[in-house]
Each structure stands twice: as structure tokens, then as C-alpha cells.
Number of protein chains: 4
Amino acid sequence: MASRGVNKVILVGNLGNDPEIRYMPSGGAVANITVATSESWRDKNTGEQREKTEWHRVALFGKLAEVAGEYLRKGSQVYIEGQLQTRKWQNQQGQDQYTTEIVVQGFNGVMQMLGGRQGGQGAPMGGQQQQGGWGQPQQPAQQQNYGQQNNNFAPAQQSAPQQQPQSPAPQYNEPPMDFDDDIPF
Amino acid sequence: MASRGVNKVILVGNLGNDPEIRYMPSGGAVANITVATSESWRDKNTGEQREKTEWHRVALFGKLAEVAGEYLRKGSQVYIEGQLQTRKWQNQQGQDQYTTEIVVQGFNGVMQMLGGRQGGQGAPMGGQQQQGGWGQPQQPAQQQNYGQQNNNFAPAQQSAPQQQPQSPAPQYNEPPMDFDDDIPF
Amino acid sequence: MASRGVNKVILVGNLGNDPEIRYMPSGGAVANITVATSESWRDKNTGEQREKTEWHRVALFGKLAEVAGEYLRKGSQVYIEGQLQTRKWQNQQGQDQYTTEIVVQGFNGVMQMLGGRQGGQGAPMGGQQQQGGWGQPQQPAQQQNYGQQNNNFAPAQQSAPQQQPQSPAPQYNEPPMDFDDDIPF
Amino acid sequence: MASRGVNKVILVGNLGNDPEIRYMPSGGAVANITVATSESWRDKNTGEQREKTEWHRVALFGKLAEVAGEYLRKGSQVYIEGQLQTRKWQNQQGQDQYTTEIVVQGFNGVMQMLGGRQGGQGAPMGGQQQQGGWGQPQQPAQQQNYGQQNNNFAPAQQSAPQQQPQSPAPQYNEPPMDFDDDIPF
DNA sequence: TTTT
DNA sequence: TTTT
């Protein structure tokens with residue numbers, strides 16, 4: 001994929017709600033999350049503490065979406081790397097509306113859970129997250145950061161639906177390159 | 001300013017139009033620009049070349065806005081670093097609308113003109129930009145990237161105010177390495 | 001400060017050791033930390049799990065250094081935003097050596113503690129950090145992310161010395177701008 | 001590839017020399033370039049203009065390396081996205097030396113030529129670049145930004161390869177918005 | 001030297 | 001709607 005330009009968003013923030021997971025006709029997963037980033041400062045006039053929170057719509061696709069659905073919960077702290085995408089839609093009155101989202105998919109996207117696993121070892125996660133950590137998986141998983149390079153199996157992509165999940169795990173399930181021994185410098 | 005989170009956008013793209021400059025009651029400048037980032041790829045089904053352009057609304061404040069107004073033109077290529085901000089407004093039917101912009105201001109923001117000055121030395125810029133370059137200033141300027149740390153001359157900035165000139169210049173007022181020299185490796 | 005170029009490093013990782021704090025003649029603090037970022041993958045040939053850790057030298061200046069010294073410990077997870085700087089020095093044999101560091105200072109720099117406070121409320125921190133969190137302060141502090149816009153008081157800066165520490169807390173100890181009401185759009 | 005951490009470098013700067021291209025035993029290309037980023041400021045004590053240039057070693061791999069070799073020249077302006085890597089080696093005296101480079105490869109890496117093509121159409125490039133532009137290719141090429149998703153050996157690509165030809169071309173196999181059109185706001 |  |  002060639003591009004003339006850079007379109008990159010980096011967020012570190014907390015989820016305002018549990019992820020919402022959906023599946024596309026192709027079988028690919030989509031997770032929608034809202035991420036809060038906030039700033040606070042002391043007002044120089046009144047001297048009072050002020051705070052402003054920005055809410056971001058984030059859409060994760062494919063494997064990233066599945067991991068988000070499994071591990072992220074309301075309050076979880078995440079690192080997100082994706083790209084801005086504004087889509088046009090029409091409301092019930094037939095009027096044009098625009099929604100801007102951070103799309104996290106394919107090799108552009110990174111989703112990294114921050115703060116370590118919460119809830120103790122082996123214990124059931126029990127609903128709510130605290131301190132921004134992330135929870136027990138519904139099913140085993142060993143990775144924490146999904147994104148880039150590993151989405152071979154990432155089926156669901158927004159503007160480009162992928163191979164079906166049942167595709168036979170091809171040969172590119174590999175590290176970028178044997179950079180321990182091959183890099184010639 | 002403290003914050004709990006990271007909210008960062010990085011763009012490299014071209015302006016879709018000349019900047020629109022306005023002034024706030026405080027006298028501070030605001031420049032609105034639209035920046036295009038595009039991706040192209042070959043459709044693997046049809047084999048045809050496809051392209052998708054994403055348009056970004058960018059609002060620059062203070063000195064950055066002034067520089068944008070002076071140097072940027074339709075077609076100019078820029079590097080932008082700012083933060084996402086969604087604001088709510090009401091249309092004529094009284095319905096809520098949301099607009100997401102990249103806000104470039106204060107020490108968060110960076111605007112860097114790319115591609116070198118176009119149009120030759122001293123010649124009038126004459127309207128249109130080519131190849132993403134930037135134009136003749138209305139008034140002399142030696143800098144190319146405004147933002148962060150240095151906005152001594154940058155009057156209208158959010159947290160702008162600077163150090164006093166008379167401060168006693170400690171020993172770190174110098175680069176750690178040779179510069180203006182050869183590449184040191 | 002004008003620049004022709006962008007020099008930015010973004011890290012999310014864990015500290016390999018407690019921060020080392022020093023003070024410059026000017027009184028400004030410097031904190032040196034080492035941050036690990038790691039990647040793991042399954043070797044496509046042997047099928048075994050492989051891991052590679054990269055260690056980064058990070059130097060924080062001014063207020064950022066003080067906060068790092070207060071809150072960060074071995075194992076703490078941090079978000080770092082700074083710039084690359086390679087400095088030349090000579091070893092005991094008089095040979096040139098080069099060291100590359102991520103410098104986090106002034107308005108370029110961001111240091112954000114991740115994962116929430118560890119160790120319970122009010123309890124003494126007691127040495128070791130767990131799960132990448134951060135500890136009890138030695139002295140009260142309300143902010144979590146220091147950097148950009150707020151380093152008014154950050155005295156010691158490497159290549160750009162600021163106002164004196166004893167400067168009388170000027171008017172710029174303020175938010176970027178009343179962006180709730182002033183932004184004219 | 002999973003990771004626990006983020007290791008990202010973003011540079012915008014100019015090449016100090018023509019790229020050096022080599023080939024690995026595997027046939028893969030490696031391009032080494034040096035990129036300058038500079039800052040300038042007015043010394044508040046002496047009042048004189050000062051400048052500091054930082055030089056970065058950048059290693060590009062695979063297709064990115066080939067494109068760099070073809071199009072980049074001394075003076076070319078580039079956007080680089082890669083990761084930090086420090087390697088240890090021994091000098092002739094058997095002493096340990098460390099070199100830190102920005103590695104641009106696989107899906108982590110982005111290399112974007114900035115500033116438009118220089119030198120006019122069809123004219124021989126003739127050595128030196130001006131204004132940071134990039135040159136005539138040795139062989140036709142239509143893309144400008146190589147990176148992510150497009151590394152030849154990486155079959156699974158975002159909007160490129162992916163789904164099998166027989167996949168029923170769902171509605172997301174298309175841009176969400178009008179493009180090649182006017183700016184939609 | 002960290003983390004998982 | 002989150003976090004501190």
C-alpha cells in the first residue's frame with residue numbers, strides 16, 4: 001500500500017465503557033471503544049483546579065477487536081495507535097452527519113494494554129476494573145500488544161475485508177526478520 | 001499543565017485550500033486549514049488502482065496561525081502535530097452536531113512546512129503552490145518550524161509567556177555536540 | 001525555538017532500575033532511567049517462542065526529573081516522549097565514544113506514569129514495584145503527567161536554559177487558554 | 001508479533017549523503033542513510049543565532065531500502081518512522097562499542113519522501129538534490145510512501161491483498177467517503 | 001536491568 | 001462514560 005501522507009493518532013487513556021463487539025458478514029470482528037484523555041490545570045484567575053476530558057471513538061478490527069473484547073473493560077488503560085477516519089452518514093431526518101473515529105487495524109494499528117493485569121492470579125475477574133488495568137481473558141492468550149506484523153490472521157478490516165479465519169496459517173507468521181543475526185552491520 | 005493521558009495526532013499532507021485566518025477578541029490569530037492524506041493501492045480483485053483521500057480539519061492558534069497564514073497555500077505540504085478535539089454545536093434545525101478537529105497550539109503543537117520554498121528567490125509567489133512547497137513570506141522570517149519550547153517571539157500562545165531575557169545563562173546554553181560540522185560518524 | 005525537522009521518540013516500557021537523580025550546578029535536576037521495550041514472536045522455523053528486549057537510556061530534566069525521582073521505581077511502566085540526542089565523549093583511553101539518549105525536557109518532553117498507583121492507600125511503598133505501577137510520593141504531588149506547557153518552573157534544560165528557579169512564579173502558570181469558551185468556532 | 005511496549009521514532013529531516021545500499025545473503029536490500037534534524041534559536045544572552053544539528057543513523061530494509069536507493073539523494077527530505085535499536089560491536093582494540101540506529105522495516109517502518117520530485121520531468125537527475133526533493137527513479141515507480149503493509153514478502157496486506165478473490169466483495173471494500181471530490185466540509 |  |  002502506497003500513501004502520500006501520514007495519518008497517525010496516538011492515544012493513552014481509559015475506557016469509558018466496556019467494549020462493544022460486533023461481527024461483520026465476513027466473520028471479522030469489530031470492537032468499538034471510547035477512550036478518555038484528560039488534562040487538568042490550575043486556573044490562573046480563579047485559582048481553582050480545572051479539568052477537561054476529551055472522548056475518542058476508537059474502532060478496532062480483526063484480531064485487535066477480539067483481544068479488546070476479551071481483555072478490555074470499562075476503566076482499562078490503553079495505548080492506541082491508529083488513523084483518523086471521518087465517515088459520512090445520514091440521520092433519520094436524512095441529513096448528512098459526520099463522525100470521526102480512530103481506526104485501528106491491519107499493520108497501521110496498535111493496541112497495547114497498560115498497567116498490568118488486575119484482579120489477582122487465577123481469580124475470576126469479577127466485573128469492574130480498577131486502576132486502569134486489564135482483566136482475565138475469557139480464553140487463554142499470551143500476548144498483550146496486538147498490532148503490526150502479526151495480524152496475519154486478522155480477518156476483519158474496514159476498507160478491506162480479509163481472509164477467512166479458517167485460512168491455513170500461512171508462512172508469514174513470523175518475525176519481521178532475523179534481526180539478531182542477519183542484519184549486516 | 002498536568003494530564004492523565006496522551007492525545008496526539010501526527011499528519012503529513014497537503015492543504016486543500018489556502019488557510020483561513022481569523023482573529024479572536026484577545027487579538028490572537030486562528031488559522032483553519034484542511035489537510036489531505038491519501039492512500040492508494042491496487043485492488044486485488046479488479047486489479048485497478050484505487051485511491052482514498054482523508055481530509056482533516058486543522059486549527060492552528062497564535063504564532064502558528066500567523067505563520068500558516070503567511071507561508072502556507074493551497075497545495076502546500078505540511079507536517080502537523082496536534083491534539084484531537086471534538087466540539088459540539090447546533091445546526092439551524094437546533095440539532096446537535098459534532099465536529100472533530102486537530103488543534104495545534106501552545107507547546108503541544110507543531111507545524112512544519114515541508115519541501116522547501118517554492119517559486120525562486122525574491123520572485124512574487126503568484127498564487128498557486130507547486131509540489132507541496134511553501135511561499136514567499138509577506139514579511140521576513142527565518143524559521144520554518146514553529147512550536148514547542150521556543151516561541152519567544154510567539155506572542156499569542158496558550159501558556160506562552162517566556163523566560164526573562166536577563167536570566168544568567170548557565171553552561172548548558174549550548175549544544176552537546178559539534179554541529180555545522182561533518183556528520184560525526 | 002525554530003527547527004527544521006522533527007526528532008521525536010515515543011516509548012512505552014518498564015524501568016530496569018530505580019531512577020538516578022543528580023543536580024546540576026544551576027540546581028536543576030536530571031534523572032537517568034533505563035526503559036525496556038520488548039517484542040516476542042514465535043520462530044517460524046523452530047516453532048519456539050522468542051523474545052528480544054531493547055534497552056533505552058532516557059534523561060529527564062527539570063521538573064520531569066524530580067517527578068521521576070519521586071514516583072518512578074524499578075519496574076514502573078512509563079510513557080515517554082522525547083528526542084534523540086547523541087553525545088560524544090572520551091573513554092579512559094582517550095577514544096571517542098558515542099552515546100545516544102532520549103532527552104525529555106522542556107516542552108518537547110512528556111513523561112506519563114502508567115498503570116495507576118501501586119501499594120495501596122497510605123501504606124509505605126516498601127521497595128519494589130509490581131505490575132509496572134508507580135509509588136507513593138516522597139512529598140505531595142497532584143499531577144501525573146508532567147511535560148509540555150507546564151514546565152514554567154523547570155529550570156534546568158539541556159540546550160536551552162530557562163528562567164531561574166527563584167523567579168517569582170509569573171503569570172504564565174496557567175492553562176493553555178480557556179478553550180472551553182474562547183475557541184472561536 | 002506481540003510486544004509489551006512501544007518503541008517508535010519519528011523523524012523529518014534531510015539526508016547528509018546519498019544512501020548506501022547493500023544486499024544480504026538472503027537477497028534482501030539494506031539501505032543506510034544519515035538524517036539531519038536541526039534546531040535553531042536566538043541565544044537570549046548573547047543575542048546571536050545558534051543552531052544545533054542532530055544526525056541520525058537510519059537503516060531501511062527490504063522494499064523500503066530499494067526505494068531509498070532509487071529515489072533518495074543527499075539533501076532529500078524524508079519522513080521516517082522506525083524503531084530504536086542499539087547494537088554492540090567491538091572495535092579493533094577489542095573494546096565494546098554501542099551504536100544506536102533507527103531501524104525501518106516490516107510493518108513498523110515508514111519512509112515517505114517529502115517535497116515533491118525535483119529536477120523536472122524526464123531530465124537527468126544530475127547528482128545533487130535541491131530543496132529536499134527527490135529524484136528521478138532508475139526505474140518507474142508510482143508510489144511515494146513505502147512502508148507498512150507493502151513489504152513484498154508480506155503477503156497479507158491491509159487494503160491490498162487480503163481476502164481471496166472469490167470473497168463476495170462486501171461493502172467495506174471501499175472508501176467510506178467520497179474522494180477525488182471536493183473537500184467534504 | 002524491566003515486564004509478560 | 002474513564003481516570004487522578
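A note on names: the letters A, B, ... follow the listed sequences, proteins ahead of strands, and every chain is numbered from 1.
- One interatomic measurement links the two molecules: CD of C/Gln112 to C1' of F/dT2, which rounds to 13 Å at whole-angstrom precision.
- Note on A/Thr37: nothing from the nucleic acid sits closer than 4.0 angstrom, heavy atoms only.
- Considering only residues two or more places apart in sequence or on other chains, B/Thr100 meets the side chain to side chain contact (heavy atoms under 4.5 Å, CB included) condition with A/Thr100, B/Leu84, B/Thr86.
- Listed nucleotides: F/dT1, F/dT3, E/dT3. Nearest to the side chain of C/Ser38: E/dT3.
- If you measure from atom NE2 of A/His56 to atom P of F/dT2, you get 15 Å, rounded to the nearest angstrom.
- Nucleotide E/dT3 holds its C1' atom 14 Å from the CG atom of C/Leu11, rounded to whole Å.
- Between C/Glu48 and C/Arg50 there is no salt bridge, since no side-chain N of the basic residue sits under 4.0 Å from a carboxylate O of the acidic one.
- One atom, NZ of C/Lys74, and another, P of E/dT3, lie 7 Å apart when rounded to the nearest Å.
- Where stacking is scored as ring centres under 5.5 Å apart with planes under 30°, A/Trp55 registers as stacked on the base of F/dT1.
- Partner of B/Glu101 under the side-chain hydrogen bond (donor to acceptor under 3.5 Å, both in side chains) criterion, chosen from B/Arg87, B/Gln85, B/His56, B/Gln83: B/Arg87.
- Scanning atom types as modelled, one donor and one acceptor separated by under 3.5 angstrom connect the side chain of A/Asn17 and the base of F/dT1.
- Distance C/Glu54 CD to E/dT2 P: 16 Å, rounded to the nearest Å.
- To the nearest angstrom, C1' of E/dT3 lies 13 Å from CG of C/Leu114.
- Residues satisfying the side chain to side chain contact (heavy atoms under 4.5 Å, CB included) criterion with D/Asp96, sequence neighbours excluded, are D/Lys88, D/Gln90, D/Tyr98.
- Rounded to an integer number of Å, the gap from A/Lys52 NZ to F/dT4 C1' is 17 Å.
- Regarding C/Asn14, its CG atom lies at a distance of 11 Å from the C1' atom of E/dT1, rounded to whole Å.
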